[in-house]
Every structure is written in structure tokens, then in C-alpha cells.
Amino acid sequence: MSLPSEKIQKILHQNFPQITEKGLQEEIAIIGKLMDFEAGELIMDYGSYVRMVPLIVKGCIKVSREDSEEGKELLLYLLNAGDTCSMSFTCCMLDKKSAIRTEALEATTIIGIPLKYVDSWMTKYQSWKNFVMMSYDNRLLEMVKVIDSIAFKGLDKRMEQYLKAITESTGNTTISMTHQQMADDLNVSREAVSRLLKKLEQINLVRLGRNQITLLG
DNA sequence: ACATTAAGTGATT
DNA sequence: AATCACTTAATGT
């Protein structure tokens, strides 16, 4: 078995080619902590303090926002290997409570970077700064997509995007979720989800089962 | 077999 | 499209 730091170096090469500086790679390998989460596990809840920036190595993480009122939720975006959580940077540096919730959608592995390094690397390593900037840009684009799908598209289009995002992110055409969970992600009623899925099934776009939706191609 | 949870449906707003 | 008030179907104990 290889040392954890060697393992991390290898993972960095595979998943984070943007991180090019040798010194940076070495620092990450030394101070980064490999962490595993099971499918469905809550990684960070609203209001908790963020003390690490996660580099996603494997799996899929769901990032959602909750309204201050009770139970209202909305899926913001999904993170995959090679991504990081942009929100965590801001939360870290401003020492703020998390405004979002992150949850593992499937078995997920991350490299956790303690916050004190995150900041100093910004000036020390060009590729780190670029990486952070790029990930901000990507997340922002994702959010814009979500916003205009809410503002300008009907639920049918939103559902289509949603199903596609999940199947692509997990690499599995079958989604194991209840209609209620999907309704929560989209912030619509469960009945609306059930009825829409029923329609999609009738035109052979999906196959439905209890707790699962299979996207047909 | 019974209870619980997920999903389907019609009516109303 | 939300909510309500069911019904039906699938699953767990």
C-alpha cells in the first residue's frame, strides 16, 4: 500500500490537471485529507461553519439552497470529480456560516484542504488562483442556467434539465429517488412531478418504478 | 396480514 | 401549478 501523500499526488494528477505547480501539489499531498462519504450522507448543512475546502475526487455532490422558511429547498448544482465547492472559499475566508447544504448523491471521495492554506496559496501559487477563479466561473454559469430555467422555462424543461444533470453527473441512467425528493430539489409539489413524469413515460422518455426513474435514450 | 410509504388522480382555487 | 383529499400500489415487519 502506498503512503497517503503519494496517493493524493496521483489523484491530483488524474483529476486536477489545472494544478500544475510541483510545490502546490506537494503541499496538498501533505496537508490534504482524504475523506469518504456514503451515498445520501450530509456533508455540510446550512449554518455550519466551513473549515475546509473540498476537492472532489470521486462521486457526485448535490449543492442546494434552503429558504429561511420551513422546508423550501432548491437544487443549485451538482459537483463531480475535478470540481470544488466555490461557496466554501467565500465562507472560509469571511468566516461565515454556510448558506448552502451539500449532500453526497453517491459514494464520494474528497480531499479536504484546511482553510488556512486556501488563502495563502492564492498569492503563492498561480495555478491555485486560476483553479479557484475557474471554478467560480463554472459555478456561476451553472447558477445562471438554473435561474433562467426557473424564470423563463416551464416545469417540463426544468425537469428535462434536472434529469439530464443527474444522469450525467452520476453516470447512471437510472435515478434512485422518490418523486418527493425530486419535487424538493425543484421546489415544486410532488403531484406536479408525478404527473409530469407520467407524461414523459407515456411518450417513452422514461421508465418509472417505485423509487426509480430510468432515462430512455 | 397489517402498517407504512410512494405514487396516481380528480376536484378546487 | 398548488393544495386537498382521497385511492391504489409496493414494501417492510
Side-chain angles (χ1 to χ4, degrees), chain A residues 35-48 54 56 58-81 83 85-87 91 96-110 138-217:
Chain A
M35 303 165 81
D36 291 299
F37 297 93
E38 295 161 28
E41 194 174 344
L42 203 63
I43 298 175
M44 210 167 290
D45 208 347
Y46 309 96
S48 56
I56 291 98
K58 197 197 83 186
C60 176
I61 293 178
K62 190 179 103 176
V63 178
S64 43
R65 167 83 185 138
E66 184 172 294
D67 189 63
S68 39
E69 307 292 298
E70 193 85 20
K72 299 269 183 177
E73 194 186 319
L74 179 68
L75 179 136
L76 295 179
Y77 46 76
L78 299 170
L79 298 173
N80 291 113
D83 290 330
C85 181
S86 302
M87 291 299 282
C91 288
K96 283 183 119 173
K97 289 179 181 176
S98 175
I100 54 169
R101 175 160 67 155
T102 57
E103 180 189 337
L105 215 60
E106 55 182 17
T108 297
T109 306
I110 66 167
N138 290 151
R139 289 315 122 216
L140 216 52
L141 282 174
E142 290 285 328
M143 305 250 291
V144 168
K145 265 164 70 181
V146 171
I147 289 169
D148 68 36
S149 84
I150 292 168
F152 308 123
K153 293 176 187 169
L155 181 56
D156 49 347
K157 292 287 172 201
R158 279 224 284 157
M159 177 65 83
E160 202 178 288
Q161 251 182 245
Y162 175 76
L163 294 174
K164 223 174 82 189
I166 293 183
T167 51
E168 278 172 9
S169 199
T170 59
N172 192 166
T173 53
T174 296
I175 301 169
S176 295
M177 279 197 204
T178 65
H179 295 181
Q180 185 61 63
Q181 291 174 311
M182 301 175 66
D184 291 342
D185 283 348
L186 296 165
N187 193 20
V188 294
S189 70
R190 192 223 89 221
E191 291 92 324
V193 170
S194 293
R195 287 181 171 123
L196 183 50
L197 285 174
K198 199 86 227 203
K199 275 185 201 161
L200 295 180
E201 187 182 40
Q202 278 157 14
I203 54 176
N204 285 314
L205 276 175
V206 296
R207 194 172 64 236
L208 301 177
R210 190 186 169 89
N211 269 318
Q212 67 172 35
I213 298 98
T214 304
L215 214 60
L216 304 174

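A, B, ... follow the sequence lines: proteins, then strands. Residue 1 opens every chain.
The CD1-C1' distance, from A:Ile175 to B:dA6, rounds to 17 Å in whole Å. The CG-C1' distance, from A:Leu208 to C:dA9, rounds to 14 Å in whole Å. To the nearest angstrom, P of C:dA2 lies 8 Å from NZ of A:Lys72.
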CA sep, side-chain torsions, deciding dist, call: A:Asp184, A:Gln180, side chain to side chain donor-acceptor pair (under 3.5 Å): CA-CA 6 Å; A:Asp184 291 342; A:Gln180 185 61 63; 3.2 Å; yes
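Of all the heavy atoms in A:Gln181 and A:Met177, the pair that sits closest is OE1-CA, 3.3 Å.
With 3.5 Å as the limit, one finds no donor-acceptor pair spanning the side chains of A:Lys145 and A:Gln161. Between the side chains of A:Thr109 and A:Asp36, at least one donor N or O sits under 3.5 Å from an acceptor N or O.
Nearest to the side chain of A:Arg210, among C:dA2, C:dA9, B:dG8, sits C:dA9.
Within the 4.0 angstrom heavy-atom criterion, only backbone atoms of the sugar-phosphate kind lie near A:Thr178; the bases stay farther away.
In this structure, the side chain to side chain donor-acceptor pair (under 3.5 Å) partners of A:Asn80, at least two apart in sequence or on a different chain, are A:Ser169. For A:Ser176, the side chain to side chain donor-acceptor pair (under 3.5 Å) test picks out no residue, with sequence neighbours left out. Under the rule for a side chain to side chain contact (heavy atoms under 4.5 Å, CB included), the partners of A:Ala104 that lie at least two apart in sequence or sit in another chain are A:Phe37, A:Ile43, A:Thr108. A search for side chain to side chain contact (heavy atoms under 4.5 Å, CB included) contacts involving A:Ala192 returns A:Leu155, A:Ser189, not counting sequence neighbours.
OP1 or OP2 of B:dG8 sits under 4.0 Å from a side-chain N or O of A:His179.
The stretch residues 190-207 of chain A comes close to DNA chain C through A:Glu191, A:Ala192, A:Arg195, each having a heavy atom under 4.0 Å from the strand. Residues of residues 158-166 of chain A having a heavy atom closer than 4.0 Å to DNA chain B: none are found.
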